[in-house]
Each structure stands twice: as structure tokens, then as C-alpha cells.
2 protein chains.
Amino acid sequence: MNAGASGARDRVLDTAERLFAERGPDAVSVRDITNAAGVNLAAINYHFGSKQALIAAVFERRMRPLTEARLRALDGVEAVAGDQPPKLEAVLDALFRPAVEQALDPARGGGTFAKLMARCLIEPNAVVEQTIRSDFETVVKRFDAALMRAMPGLTADDVFWRRHWLIGALHHSLLMLGRKPPGGRRLPLDIESYAERFVAFAAAGFRAVLPGESRKRSQAK
Amino acid sequence: MNAGASGARDRVLDTAERLFAERGPDAVSVRDITNAAGVNLAAINYHFGSKQALIAAVFERRMRPLTEARLRALDGVEAVAGDQPPKLEAVLDALFRPAVEQALDPARGGGTFAKLMARCLIEPNAVVEQTIRSDFETVVKRFDAALMRAMPGLTADDVFWRRHWLIGALHHSLLMLGRKPPGGRRLPLDIESYAERFVAFAAAGFRAVLPGESRKRSQAK
DNA sequence: GTCTATAACTAGATAGAC
DNA sequence: GTCTATCTAGTTATAGAC
């Protein structure tokens, strides 16, 4: 939008993202942000209009690319599968790997982004509700459909709950990035191995035979 | 403490818990609480000393019984197992069922409690940090030890991550209590069936053969 | 124990000079 | 585009009457 001026705007975005992740948007004042960013108090209202609009901008900047990466990955998986049901692991990989990659990449928010996402899942903040939830629902809809094709024996309810549980597991674990866990452990090694481990875990949970559905599944196939 | 006076104190606790869960502690003022509870503005400072102390009291009231229920359940599982390794499903049931029960029981906070717990897992609030985290670490320590006995082929890291993922999955799902999920679904049926489904899912994830550990496990047994 | 009044402070937003 | 000064409204906490 602005030809070359205002690195101020970006500095505000970066600083706000960091502070929001540390303390939560509500606990951070516009004064905290402008001071830390080294810009004037009025800058936030000038560039974004209001604090609420700034919050929305911070979330959107990270959510949009994640959504796109997930959908692109799923496109690839479905293209490979063709008419056949896609492979369960491949679908889960398309869903989870982009998030792991983003959460481990400082250039795209890193752990900060992970905390923001986790927070947005529980925070009833109206802004967050609209900017993020809509993106997320698109993702969920397409992936649930793909998961049902990958696991034709499962009911829609089964798919919903297992995917839901796993989203919770992922976000909770990304949250621990950079934070010292109780046992003194650390987020492991590299993106590759972490995503791989998580997908293997997820696939096993997805293939679990639950008390009620065992009969239905064996009939369905 | 007080012989029979001050139902005000309890009304404040209940109201604060509800409002905290709805909007988050930071977004709720003491005026909001005292107005909604029908007590005087000064009541919170009189009964609790400060807003921070009230927050701590609200969290503690629900966390304590949950911790005790979990440890009691684990005691039972270990007593049954005797010298043998405990059954994986039994350990997971002891860890997760008390939380599900509490989250579905209005008398013990219900969905409100679930939201509070979820919030405390990400909120860097100092009060929450100390009152809850310490309880939670006791639980985690004892259960990780039991899980290692139940799954002797897994490394400590494996147990840590799988338990961690599942705690995230549980809390994320409890969070949806009373909230309309995207697909129009609802938390199912009854405690019994939900806990059962979750434990089955958890056990499958726990038994997953991860890329790196497959060889180690088959040797260990 | 309960309440009113108010102190002491901080919030987000903006008007207007530069 | 940037800054200072300021406005209005909200916050927690408390002093002191009842």
C-alpha cells in the first residue's frame, strides 16, 4: 500500500505479535507496543485504526499463509490419489506439517505464532473469532471430507472427534515451543522428525477401534 | 472459616468462575463480578484481598479435587496391578476420566471449569502459574512413571510426548463443551461413552509404532 | 459485614502542531 | 507521516460511615 515509507507499520506488527503471545492481547496496552516498537503512541491508531484492528491484522498475517499451505498440500495429496481414497498418513501430513513448519520458522512467527493460534482457539475475542475461525473452518471442512474418504469405515462423528482431538494435541504441543516443559525436555531435533512422529501418532489414533464402532467398521469394508 | 455468614463469598466465586471462563480473567472487572453476583463492589477486596487472589481462589477450588481424583484413581490401578505392569487403558482412564467427569458435572464447574483449565495451560498469568502448575506437575510425574511401566518398550521421551499430546487433545475437546462446533455436532451422549472413546483413542496413539522407535520396542519386549 | 465515595491510576483514542 | 498533549472512560483498591 505505502510506497516505501513506514517500516513503522511492520515494526508494530512484529512487536505486537511478540507481546500478544507473551501476555495475551488484553494484557498488552497500545503504549506497551509503541514503546517497545520505538514508534509513537499515535502510530497504532494511525496505521490500523484501533487496537482491535491491530489484533486482527496480527492474526491474519500468520493465519492466511498457513491455511493456504494446508490446502495446497491437500490438493497435492488428492491429485496423487486420483479416484482412489487418499492415504491416511498423507492427509494427516498435509494437515499438520504446515503448522509444525510455521511454528518452527522464526521468519513466520515461530513459537509466537503457535501461542497466538492456541490462544485464538479458546479466546472468545470477537475479532479473532471472525478473522481466524472462518479460515479454519474452510480447512476443517475439506480435510474432514478427505479423511472420510481415507477411512471409509468411520462415521462422520468418528472423523470429527478424532480430527478434533488431534488438532488439540498439535496446538498444545506447539505451545510448548521455547517453553521449559516440566521434565526438562525440549521440542525435539528438527521439523522433519517431529512432524513424522506426530503424524504416526495421529494415524494410529485415527485407526483405533472404538468401543461402539468396531462392528460397523468391519461390516463397511 | 466463617460460621454461616457470607454466602457472598461463594456467590462471588461462582460468578467469577463463570465470567472468567466466558471472557478471560483479564477482561472481567471486579465491578462486573460484584454486579453480577449481587454483592457490593468492596466485597472482593474484603473477602479475597485482591482481584489476583480471587483468580487464584477460583482456579484452586476446581484444580485441587481433580488432582486428588486422578491420584486416587491411579492408586487403585496400581493396587490392582500389584507387581505387574499396569494395563495401559487403566492408567489412561485414571488420567482422563476424572477430567471428563468434572467437565460434565455442573456442580463442579462443568464446561466452565474446562475452559478455565484450558486457559491456564496457555495463560502466562503468574497466579495461575503457581496455583495450578504445581498440582499438575505432581500428576504428570506419577502418571508418566505409571505409563512407562505400562509400556516398557517406550523411551521416556516417547511417553512424555504422547502423554503431552493427549493432554492437549483432552483439554481442547473439553473446551468445546457447550460451544457449537463448526459442523453442528455436540459433545456426545454421556460421560461414560465419551471417556471410553477417548481412552480407546489415546491407547491406540500410545501403542503407535513411531518411525524411530519401532526397532527398539520389538527388542525390548 | 456492608456500603458509598473517592483516590490513584491506566486504558484507548484523537486533535492539532509540525 | 510523526509527534505531543489531552480527553473521556474505565480500572483496582481503600477509607470511613453505618
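None of the values given here were measured: they were computed from a predicted structure.
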Q) Once the angle between the rings of A/H164 and A/W161 is folded into 0 to 90°, is it parallel (under 30°), tilted (30 to 60°) or perpendicular (over 60°)? A) perpendicular

Q. Separation of A/R9 atom CZ from D/dT2 atom C1', in whole Å?
A. 16 Å

Q: Send over the distance from B/I55 CD1 to D/dT11 P, rounded to a whole Å.
A: 14 Å

Q. Does a side-chain N-to-carboxylate-O contact under 4.0 Å join A/D157 and B/R197?
A. no

Q. How would nucleotides 9-14 of chain C be written as a contact map, 5' to 3', with B for base contact, S for sugar-phosphate-only contact and - for no contact, using protein heavy atoms under 4.0 Å?
A. --BBBB

(Q) Nearest 0.5 angstrom please: B/T15 OG1 to B/D32 CG, how far? (A) 11.0 Å

Q: Report yes if at least one side-chain N or O of B/N40 is closer than 4.0 Å to OP1 or OP2 of C/dT4; otherwise report no.
A: yes

Q. Looking at B/H47, does any N or O in its side chain come under 4.0 Å of the phosphate oxygens OP1/OP2 on C/dT2?
A. yes

Q: Determine the minimum heavy-atom distance between B/R11 and B/G38, stating which atoms define it.
A: NH2-O, 3.5 Å

Q | Which atom of A/R31 lies closest to which atom of A/T34, heavy atoms considered | A | O-OG1, 3.2 Å

**Q.** Minimum heavy-atom distance between B/F113 and B/A99, given as atom pair plus value
**A.** CE2-O, 4.3 Å

Q: Report the stems of DNA chain C as range-with-range entries sorted by first number; a stem here is at least three consecutive pairs, Watson-Crick or G-U wobble, both distances under 3.5 Å, and write none if there are none.
A: C:1-10 with D:9-18, C:12-18 with D:1-7

Q) Could you state the interatomic distance from CG (A/L54) to CG (A/N45), rounded to the nearest 0.5 Å? A) 9.5 Å

Q.
If I compare all heavy atoms of A/V77 with all of A/P86, which pair ends up nearest, and what's the gap?
A. CG1-CB, 3.9 Å

